[in-house]
Amino acid sequence: MNRFKRIVIFTVLIIISAGALFAIRNVERKMDDLVDQERLRFSGDVRNAPPLVAFTSVALGSFRGLIADLLWLRSENLKQEKSYFEMVQLARWITDLQPNYSGGTAYLAWNLAYNISVTCSNHEDRWRWVNEGISLIRDKALVYNPEDPVLYKELAWIFQHKLGNVLDDANLLYKNRLGMQITNILATGTPDWEALAAAPKNRGEFLKLYPADHRLWQIARESGYNDFNALFLAFKNQAPAVLPQDLAAKLGETEFKKVDNFFRAELLRERMKLDPSKILEIDRKYGKMDWRVPESQAIYWATVGIEKTPGKEDLRCARSITQSLQAAFRGGRMLSMDDKTLSYVQIVPNLALADAAYNTYLETQEKYDASSGASSSFRSARINFLKDSIPLIYTHGNITKAEEFFRKLIKEDGPQKQRTLDEFVMAEFAEDVRDADVKKVSAIISELIFRSIISLIYNDHDSAVANERLARFIHRKYVKENTEVKRNNLPPYNTMKAGVVADCERRLPPAMVTILKAAIAAEKAEALEQRKYENPASAENSQAGEKGRN
């Protein structure tokens with residue numbers, strides 16, 4: 001081969017190599033852009049990992065996948081053998097070995113919360129497994145995958161469906177346990193979220209405001225708490241959590257409240273992974289929620305999921321929000337719970353969410369219509385929401401809002417068989433009572449008690465008696481027909497009435513509360529006189545009991 005041919009061959013090879021390198025570079029650039037756009041990660045790219053997980057990721061390398069596969073097989077065998085406690089540890093190991101495999105973690109959590117929990121006859125055992133499923137996603141997987149909508153959707157679903165629904169026999173215990181978790185942290189069901197959100201966001205910010213020479217720590221040391229950790233441990237190890245009372249006396253009410261707000265906010269972040277600032281933001285967007293009920297927490301996690309997702313869009317999380325808003329409207333406020341036997345919980349509608357639920361259906365349909373073809377399902381859900389919400393709003397006395405929603409229903413669904421609002425409400429009410437589950441019947445009874453109370457305040461004695469008689473009748477009938485199904489337990493009627501009365505005393509204007517208390521006192525006196533007339537001995541015992549309680 002002469003020199004000229006060699007030069008030509010080398011030149012051609014150089015051109016081909018340059019072209020190949022250029023093509024590879026273009027492909028690499030496109031792949032890098034896709035990784036950035038979709039927030040993709042390589043299997044070894046583990047973020048936010050604790051030292052042990054980071055070490056195993058580096059030390060085991062590609063063998064992590066093989067070990068995880070063996071653990072998966074072992075996990076399935078343990079499931080068949082019903083060795084559930086070891087399964088929990090294996091689920092945690094699998095998550096640590098494959099922290100970015102969110103689909104696997106979601107399956108493991110679902111397996112714990114659903115498949116394994118229902119094999120336990122003891123309701124406390126069921127709660128333990130459901131709580132393990134929640135913790136696997138909330139406390140571990142989301143640390144590694146903070147931008148994965150699959151995990152947020154699954155977590156929201158467990159709160160919305162497993163805890164919020166009535167399909168599980170242990171659902172009343174779940175609701176009580178969740179309510180107690182929040183109450184034990186915040187010491188109340190109606191916390192000041194603005195104050196909690198304004199508290200320092202973490203321990204570092206708090207210690208800047210209260211450095212080592214601050215009198216807070218001098219007072220704490222005098223009480224036997226040498227540093228932050230000791231004081232925080234003493235605070236959170238009580239149920240409900242509470243700071244030592246001598247701090248209140250020595251710090252002063254204003255300063256003590258600031259410290260107390262931070263400790264409660266910090267404990268909420270630590271135990272429930274809930275941020276008070278985000279809760280305040282959600283309350284301002286949708287309406288004030290009761291954060292003791294599962295639906296509120298489902299909305300929280302679905303909302304965070306959308307915000308964390310690249311592009312800030314995810315249809316699955318959007319559906320969770322609309323469904324949970326509707327459920328929270330129907331039964332999103334807790335009036336009372338049974339912290340002793342955990343056998344009942346009194347849930348009533350949260351009417352403050354009516355407009356937010358309707359508007360969210362509209363906004364979600366507009367946002368996802370073109371891309372998902374989900375328009376018809378959102379429209380149907382919106383119409384069903386209107387049909388369900390109108391009787392609730394009507395029976396709570398907001399006739400103007402009920403008429404507004406009735407006009408929207410006619411616009412969306414055409415003229416109804418019942419031509420007037422009153423006819424529509426009566427027809428829906430009769431159907432609801434016939435087919436109601438425990439959640440719905442609780443709402444219906446609470447509504448009737450509420451209407452009775454309002455009538456009592458306005459001195460409409462006949463209406464008050466009629467509404468209470470109907471409430472007692474529905475309660476008695478439902479309890480009689482559902483005695484065999486424990487998951488359908490209703491609180492005793494007197495407990496339900498006391499819960500509604502207490503709620504009215506908190507929410508109604510002072511003048512109306514004064515009238516209500518006087519009317520109830522007169523009602524009790526009248527009932528006592530009636531019992532005295534019918535059974536003198538029983539009335540005397542009842543009166544003695546009243547004096548003893550007073």
What I'd like to find out is whether the side chain of [X] reaches to under 4.5 Å of the side chain of [Y], using heavy atoms alone.
X    : Y    : result
C504 : L516 : yes
D290 : T190 : no
T495 : S336 : yes
W129 : Y114 : no
K162 : S117 : yes
R507 : D503 : yes
R316 : P149 : yes
N171 : K175 : yes

Could you go through K201 and F206, starting from their C-alpha distance and side-chain angles, then the distance that decides it, and tell me whether this counts as side-chain contact (heavy atoms from CB on, under 4.5 Å)?
CA-CA 8 Å; K201 300 295 183 280; F206 179 78; over 6 Å; no
Nearest atoms (heavy-atom pairs only) where [X] meets [Y]:
X    : Y    : answer
A197 : S277 : O-OG, 3.6 Å
H123 : D169 : CE1-O, 3.4 Å
G331 : E295 : O-OE1, 4.1 Å
P349 : E447 : CG-OE2, 3.7 Å
G133 : A109 : O-CB, 3.4 Å
R138 : F159 : NH1-CZ, 4.3 Å

Please table the atom pairs, donor to acceptor, closer than 3.5 Å between any side-chain atom in residues 253-263 and protein atoms at least two apart or in another chain.
| residue | atom | partner | partner atom | Å |
| --- | --- | --- | --- | --- |
| E255 | OE2 | Y210 | OH | 2.5 |
| D260 | OD1 | R264 | NE | 3.4 |
| D260 | OD1 | R264 | NH2 | 3.4 |
| D260 | OD2 | R264 | NE | 2.9 |
| N261 | ND2 | K257 | O | 3.2 |

For the side chain of [X] and the backbone of [Y], is there at least one donor-acceptor N/O pair under 3.5 Å apart?
X    : Y    : value
N184 : A239 : no
N359 : D355 : yes
S324 : I321 : no
K517 : E505 : no
Q346 : M496 : yes
N202 : E205 : yes
Q238 : A234 : yes
N145 : A141 : yes
N122 : E124 : yes

Rounded distance (nearest 0.5 Å) linking atom [atom1] of [X] with atom [atom2] of [Y]:
X    : Y    : atom1 : atom2 : answer
I393 : F405 : CD1   : CZ    : 4.5 Å
D275 : R269 : CG    : CZ    : 6.0 Å
K312 : K367 : NZ    : NZ    : 9.5 Å
I134 : Y174 : CD1   : OH    : 9.5 Å
H161 : S320 : NE2   : OG    : 11.5 Å
S442 : Y344 : OG    : OH    : 11.5 Å

Derivation of the side-chain contact (heavy atoms from CB on, under 4.5 Å) call for R382 and Q365:
CA-CA 10 Å; R382 189 168 66 251; Q365 178 181 342; 2.6 Å; yes
Contacts of [X] that satisfy side chain to side chain contact (heavy atoms under 4.5 Å, CB included) - sequence neighbours left out:
X    : value
D227 : N229, A230
V348 : R333, L335, S446
I347 : V293, M334, V345
Q181 : W127, N131, L178, M272

When you measure from the centre of the six-membered ring of Y152, is the NZ or CZ of K308 closer than 6.0 Å and no more than 45° off the axis?
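Here K308 fails the 6.0 Å and 45° test against Y152.
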Is the closest basic N to carboxylate O distance between R284 and E281 below 4.0 Å?
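Result for this pair is no, no salt bridge flagged.
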Hey, are K153 and D314 close enough for a salt bridge, meaning a charged N less than 4.0 Å from a carboxylate O?
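The answer is no: the pair does not qualify as a salt bridge.
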Which atom pairs, one a donor and one an acceptor, fall under 3.5 Å between side chains of residues 243-252 and the rest of the protein, sequence neighbours left out?
| residue | atom | partner | partner atom | Å |
| --- | --- | --- | --- | --- |
| Q245 | NE2 | L243 | O | 3.4 |
| D246 | OD2 | S223 | OG | 2.4 |

What pairs with R221 under side chain to side chain donor-acceptor pair (under 3.5 Å), at least two apart in sequence or on another chain?
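Not a single residue meets the side chain to side chain donor-acceptor pair (under 3.5 Å) criterion with R221.
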Listed partners of [X] passing ring pair (Phe, Tyr, Trp, His ring centres under 6.0 Å), at least two apart:
X    : result
W217 : none
Y225 : none
F385 : F329

Please identify each residue that fulfils salt bridge (Lys or Arg N to Asp or Glu O under 4.0 Å) with E270, with sequence neighbours left out.
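With sequence neighbours excluded, E270 shows a salt bridge (Lys or Arg N to Asp or Glu O under 4.0 Å) to K236, given in chain and number order.
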Taking only residues two or more places apart in sequence or in another chain, which ones pass salt bridge (Lys or Arg N to Asp or Glu O under 4.0 Å) with D125?
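With neighbours one apart ignored, the set is R128.
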Cut-off 3.5 Å, side chains only: do W110 and N115 have a donor facing an acceptor?
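The answer is no; no qualifying pair exists.
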Is there a donor in the side chain of Q326 and an acceptor in the side chain of Y361, or the other way round, less than 3.5 Å apart?
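There is such a pair (donor and acceptor under 3.5 Å, judged by atom type) between the side chains of Q326 and Y361.
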Step by step, would you call T105 with Y144 a side-chain contact (heavy atoms from CB on, under 4.5 Å)?
CA-CA 11 Å; T105 303; Y144 308 139; over 6 Å; no
Could you walk me through whether E404 and T400 pass the side-chain contact (heavy atoms from CB on, under 4.5 Å) test, one step at a time?
CA-CA 6 Å; E404 177 191 331; T400 303; 5.8 Å; no
Please evaluate residues Q323 and Q160 with respect to the criterion side-chain hydrogen bond (donor to acceptor under 3.5 Å, both in side chains), reporting the C-alpha separation (whole Å), side-chain torsions for both, the decisive distance (0.1 Å), and the verdict.
CA-CA 8 Å; Q323 292 168 0; Q160 174 197 337; 3.0 Å; yes
